[in-house]
Amino acid sequence: EEEWIYTLEGFAVPSENLSLKDAKLNDAVSLLVERARKVKPGLTLTQECLPFVLKMCQLVEGLPLGLELAASWAGALTREQLVEKLADLDFFTTSLRNVPQRQQSLRWVFEDSWKLLSPQEQNALSQLSVFRGGFTSEAARDIAGASFMMLARLVDKSLLRVSEGRYYQHALLQQYTGEKLALKGSGETQHRHAEYFLRVAEAMKTKSGAEIFKHLETDLGNFHHAYSWLLEREETRHRALALFCHLSKLFMSYGYVREGREWVKAALAFPSDVSWQWADALHVAGSLARIQGELSQARELYAQSRELWR
C-alpha cells in the first residue's frame, strides 16, 4: 500500500512562460509527470504538452494531492479534458487500489481537516470563502469577524496562506468552504462583503496615483464579486451601479476598458429605471465605448444618460 503525507500547502506554482528545461526542475511539474507515468507508462514531458501541464499545476495551485489525483486520470482522459475538469472539486478522486481511502478524494481530505477545526474556526473559514483573489486582515475582520489571531491559526493549519499582507484560500478548498457557507446561508456575509467593497471603491474614487491603482487592481476580483451579487438583486441593483461608477477611473484610466464594458453588458441585461445611478452608469458606459472607437454606441449611451437626468 502506497501512502504519502500531504498538507494543504502547495509547491511553487510554475508560470505559464516557463521553459521546458526549467519546467523539468519544478517540483509541481515533476510530481504530476511522475504520478501520470504510473497510469500511462512512457509518458514524457514535451514542448507540445508543456502548456497543458503548466495549466494543470496552476489550476490546483501546486497542491500535491491535487496533482496526484489529477495524474491518476492521465490514462483515461486527454490533456484537454483534464484541464477542463480541474476546476471541479469532485473531479479529484481516484480508483487506484494502492492508495489509502482517505487519500482517494480531495473532498475526503478537506472533510477530515474540517472536523478538526473548532466551531469558531469553521465559521471563520466558511465566511472567508466569500473573497475573490485574497483579502486583508481588516476585510476579514469586518466581513467574516475573523480576528488577526484567528487568521494566524488558520495559516498555521495550512488552511490559509499569507503573502505581502494578504491572505489567500486555496481555490479548491474555497469550493468546499463555500459549500459550508451556503448550507448555513450566505446572504448576510455576501451583503457585508458587497457593502465593504462599495465603501472601499467610494473612498478611492477621488484619489489617484500608482498606489491607488495597485489597491484597486489587487481587489478587482472582490469588486466584481460584490458587483455581481448586488446586480442580481433588484433591491440592491442601484448599489451595483454606484460601485461601477466609483470604479470608472480604474476602467478608463488604467487599461481596464474591456472589463468595464463587460460589467455594463451585465447591467444592461436588467430593466433600467430613472435613478441617478443608471444615468451615471450609462454615461460611463458611453465613455468606455468612445475609448474603444465605437462612437455610434457612445452617442446612444450618452443620449440615454441625458434622458434620465431630465
Side-chain angles (χ1 to χ4, degrees), residues 129-136 138-139 142-143 166 178 182 186-310:
S129 68
V130 76
F131 290 101
R132 300 294 183 270
F135 52 91
T136 63
E138 178 187 2
D142 290 358
I143 296 169
R166 286 182 69 84
S186 63
E188 290 185 6
T189 306
Q190 296 279 11
H191 182 73
R192 288 195 298 272
H193 176 276
E195 289 297 322
Y196 177 90
F197 283 100
L198 182 59
R199 292 193 302 272
V200 170
E202 185 173 16
M204 294 291 175
K205 70 175 183 177
T206 59
K207 301 180 181 180
S208 61
E211 188 61 32
I212 301 303
F213 164 62
K214 181 180 179 181
H215 183 93
L216 290 171
E217 184 183 46
T218 299
D219 271 318
L220 189 59
N222 282 311
F223 288 128
H224 185 262
H225 184 61
Y227 174 77
S228 299
W229 189 85
L230 292 168
L231 191 64
E232 289 170 359
R233 290 153 182 81
E234 184 177 359
E235 65 275 15
T236 59
R237 196 161 297 148
H238 66 289
R239 305 287 281 167
L241 297 172
L243 174 58
F244 170 74
C245 293
H246 293 335
L247 294 174
S248 60
K249 183 178 294 185
L250 176 69
F251 296 134
M252 291 190 286
S253 302
Y254 294 108
Y256 282 86
V257 174
R258 181 178 60 81
E259 287 80 358
R261 298 199 69 188
E262 288 175 354
W263 286 35
V264 170
K265 183 178 179 181
L268 293 177
F270 296 95
S272 62
D273 56 33
V274 294
S275 67
W276 65 265
Q277 290 95 344
W278 267 107
D280 278 359
L282 288 169
H283 185 83
V284 173
S287 298
L288 293 172
R290 178 178 54 80
I291 290 171
Q292 289 198 319
E294 297 184 18
L295 302 184
S296 176
Q297 186 174 18
R299 286 192 291 270
E300 180 181 345
L301 290 166
Y302 283 143
Q304 292 177 27
S305 175
R306 287 194 299 270
E307 185 66 28
L308 289 176
W309 274 115
R310 290 177 180 175

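Residue numbers run from 1 in the order of the sequence given. Atom set for the values below is all heavy atoms of this structure, side chains included, hydrogens, waters and symmetry mates excluded.
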#### Entry: Sole residue of Arg166, Arg199, Arg132 in salt bridge (charged side-chain N to carboxylate O under 4.0 Å, His left out) with Asp219
Arg166
### Message
Restricting to ring pair (Phe, Tyr, Trp, His ring centres under 6.0 Å), what partner residues turn up for Phe251, sequence neighbours left out?
### Response
Phe244, Trp263
### Query
For the atom pair CD1 (Ile143) and CZ (Arg192), what is the distance rounded to the nearest 0.5 Å?
8.5 Å
### Summary
Residues passing the ring pair (Phe, Tyr, Trp, His ring centres under 6.0 Å) test with Tyr196, sequence neighbours excluded, are none
### Task
Might you point out which heavy atoms bring Met252 and Ser287 nearest each other, and give the distance in Å?
SD-CB, 3.4 Å
#### Entry: Residue pairs fulfilling side chain to side chain donor-acceptor pair (under 3.5 Å) with at least one residue in residues 231-247, sequence neighbours excluded
Glu195-Arg239
### Exercise: identify the closest heavy-atom pair between Ala226 and Ala194
CB-CA, 3.6 Å
### Task
Would you name the heavy atoms of Ser305 and Leu282 that are closest together and state the gap between them?
CB-CB, 3.9 Å
### Task
Kindly assign one of parallel, tilted or perpendicular to the pair Phe197 and Phe223, based on the angle between their ring planes and the thresholds 30° and 60°.
perpendicular
### Query
Between CG of Leu243 and CG of Leu231, what distance do you get to the nearest 0.5 Å?
10.0 Å
### Query
Could you give the distance from NE2 (His283) to CZ (Arg306), rounded to the nearest 0.5 Å?
9.5 Å
### Summary
On a heavy-atom basis, the closest approach of Ala267 and Tyr227 is CB-OH, 3.3 Å
### Message
Looking at every heavy atom in both Gln277 and Cys245, which two are closest together, and how far apart are they?
### Response
O-SG, 4.3 Å
### Task
Can you measure from CG (Leu288) to CG (Leu301) and round to the nearest 0.5 angstrom?
9.5 Å
### Query
Considering the options Glu262, Arg261, Lys249, Glu217, which one meets the side chain to side chain donor-acceptor pair (under 3.5 Å) requirement together with Tyr256?
Glu217
### Query
Just how far is it from atom CD of Glu259 to atom CG of Leu247, taken to the nearest 0.5 Å?
12.0 Å
### Query
Any idea which heavy atoms bring Asn222 and Gly134 closest together, and the distance?
ND2-O, 3.0 Å
